[in-house]
Protein chains: 2
Amino acid sequence: MSPTHTEVTTAPAPTLATAPADLDPCGHEDHPDCGIRDVLDRIGDKWSVLVIVELAGGPRRFRELQRAIHGISQRMLTLTVRRLERDGLVLRTVYPTVPAQVDYRLTETGSSLTHLVKALTDWSLTHRPVIAEARDAYDRDHPDHDIR
Amino acid sequence: MSPTHTEVTTAPAPTLATAPADLDPCGHEDHPDCGIRDVLDRIGDKWSVLVIVELAGGPRRFRELQRAIHGISQRMLTLTVRRLERDGLVLRTVYPTVPAQVDYRLTETGSSLTHLVKALTDWSLTHRPVIAEARDAYDRDHPDHDIR
DNA sequence: CGGAATCCCCTGTGATACTG
DNA sequence: CAGTATCACAGGGGATTCCG
């Protein structure tokens, strides 16, 4: 890594006015396990959100999902939909045909997540350029760092 | 894992009407790398959102952050704020005092994320009971599975 | 105080092969 | 088609130690 972060400031050290966390998702001051953790552990993985996005377009079969979600392996798709099913976000239906046919669709709860996902993608698309620029600037000022 | 998922349905297999993904974050049909990936890779990790939540309450020093975010290690806090700094979501300021003093605060871009985070925590708090119930039900119907 | 450097484990994920 | 079963591996992340 670069020879240690060394960009200092000449300004005097301020006394941080311990501002209150007006966004505190918990009830009390010491964030013990903020409910947010639940969501993150659930949709914060590599594929869940993409599955939800795809299912937001309507029911999909296993292969359809796999084809739609570029790069996901069979194994991960299985694990992802299973977890979503377990959490009640996705409904899995098996039709006793031959060969087997299974479809997945969002439950009521799952659908309520699509708004958030939409907001996330919107934010992403809006700020992507700014972030890319910030990144380039950082990488320019900090040659040979290994962040990410 | 349990002897294979075997909950079938008696209903006839429907012909999925390939509904359009009206939530498609990409421009075209085949989701190649949906912009959503960018956000997820950025705030979808274990700690970033918690740091953002804390900084939403105002500037914080390194130790303050670590104390506020229960369970985070020194190493991960460092890595997390570095990545956020690199992406231009957090501003890091070093005061040449002795011992060193550093504070972190959200940038304009970073602040714009607090709305989303708030929405996420709200959703989490609202649906937590339902999800917990779904989970229990699943675990009851599928004894000895190893999902998650 | 605010890190950086190491060591190490464990989990998530991919690749491949097999099955009802 | 829709999985399951294994193997194999990179990297995320924790604990500890050292430094300016």
Side-chain angles (χ1 to χ4, degrees), chain A residues 1-9 13-16 37 40-48 50-51 59-67 69-83 85 90 92-104 142 144-148, chain B residues 1-9 13-16 37 40-48 50-51 59-67 69-83 85 90 92-104 142 144-148:
Chain A
M1 191 178 287
S2 57
T4 312
H5 254 19
T6 44
E7 327 70 1
V8 292
T9 312
T15 308
L16 297 188
R37 222 359 165 338
L40 262 44
D41 289 345
R42 185 156 304 109
I43 67 170
D45 70 291
K46 198 174 181 182
W47 305 107
S48 294
L50 295 183
V51 169
R60 294 283 190 271
R61 297 182 54 177
F62 190 85
R63 301 297 295 186
E64 290 181 319
L65 280 177
Q66 190 173 14
R67 273 190 294 270
I69 303 174
H70 183 69
I72 194 170
S73 66
Q74 199 166 42
R75 168 188 163 74
M76 288 317 299
L77 180 53
T78 298
L79 284 178
T80 302
V81 292
R82 278 291 187 290
R83 290 200 272 247
E85 182 194 7
V90 160
R92 176 174 179 273
T93 314
V94 180
Y95 300 96
T97 60
V98 45
Q101 179 171 335
V102 179
D103 76 50
Y104 298 89
H142 308 263
D144 65 304
H145 65 72
D146 54 357
I147 315 290
R148 265 293 181 172
Chain B
M1 193 177 287
S2 56
T4 311
H5 254 19
T6 43
E7 327 71 0
V8 292
T9 311
T15 308
L16 297 187
R37 222 2 164 338
L40 262 46
D41 289 345
R42 185 156 304 108
I43 66 171
D45 69 291
K46 196 174 181 183
W47 305 108
S48 294
L50 296 182
V51 168
R60 294 284 189 272
R61 295 183 54 177
F62 191 85
R63 301 299 292 189
E64 291 182 318
L65 280 176
Q66 191 173 13
R67 274 190 294 270
I69 304 172
H70 184 69
I72 193 171
S73 67
Q74 202 166 43
R75 168 190 163 78
M76 288 317 297
L77 180 52
T78 299
L79 284 178
T80 303
V81 292
R82 278 290 186 290
R83 290 200 272 247
E85 182 195 6
V90 160
R92 177 175 178 271
T93 314
V94 181
Y95 300 97
T97 61
V98 46
Q101 181 171 335
V102 180
D103 76 51
Y104 298 87
H142 307 265
D144 67 303
H145 65 70
D146 55 356
I147 315 289
R148 265 290 180 175

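Residue numbers begin at 1 in each chain, while the letters A, B, ... track the order of the sequences. Just so you know, these numbers use all the heavy atoms, side chains as well, and skip hydrogens, waters and symmetry mates.
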In whole angstroms, how far is the [atom2] atom of [N] from the [atom1] atom of [X]?
X     : N      : atom1 : atom2 : value
B:D45 : C:dG12 : CG    : P     : 15 Å
A:L79 : D:dA5  : CG    : C1'   : 12 Å
A:R83 : C:dT13 : CZ    : P     : 7 Å
B:Q66 : C:dG2  : CD    : P     : 10 Å
B:L77 : D:dA15 : CG    : P     : 14 Å
A:M76 : D:dA10 : CE    : C1'   : 14 Å
A:L50 : C:dT13 : CG    : C1'   : 15 Å
A:R60 : D:dC1  : CZ    : C1'   : 17 Å

Identify which nucleotide among [options] has an atom closest to any side-chain atom of [X], counting heavy atoms from C-beta outward.
X      : options               : answer
A:R75  : C:dG3, D:dT4, D:dT6   : D:dT6
B:T78  : C:dA4, C:dT13, D:dT4  : C:dA4
A:Q74  : D:dT4, C:dG2, D:dG14  : D:dT4
B:F62  : C:dG12, C:dA4, C:dG2  : C:dG2
B:W47  : D:dT4, D:dG14, C:dG12 : D:dG14
A:P99  : D:dC1, C:dC1, C:dG3   : D:dC1
B:R148 : C:dG12, C:dC1, D:dG13 : C:dG12

Exercise. Say whether, by atom type as modelled, one donor and one acceptor occur between the side chain of A:R83 and the main chain of A:I43 under 3.5 angstrom.
Key: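 Flag not set: sc A:R83 to bb A:I43 has no pair under 3.5 Å.
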
Hey, does the side chain of [X] come within less than 4.0 Å of [N]'s phosphate (OP1/OP2), counting only N and O?
X     : N     : answer
A:R63 : D:dC1 : yes
B:R92 : C:dG3 : yes
A:R82 : D:dT4 : yes

Quiz item: Are side-chain heavy atoms of A:L50 and B:R37 found at a separation under 4.5 Å?
Solution: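 The answer is yes; the side chains approach within 4.5 Å.
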
- Within a strict 4.5 Å, meaning less than it, do heavy atoms of the A:R92 and A:Y104 side chains meet?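 They are in contact (side-chain heavy atoms under 4.5 Å apart), so the answer is yes.
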
Return the NE2 to CD distance between B:H142 and A:E85, rounded to the nearest 0.5 Å.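 It is 5.5 Å, given to the nearest 0.5 Å.
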
> Should the pair B:R42 and B:W47 be classed as cation-pi, given the thresholds of under 6.0 Å to the six-membered ring centre and 45° from the axis?
Replying inline: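 No, B:R42 and B:W47 do not form such a contact.
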
- Query: Toward the 5' end of DNA chain C, which comes first, A:T80 or B:A100, by nearest nucleotide?
  - Reply: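 The residue whose closest nucleotide sits nearer the 5' end is B:A100.
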
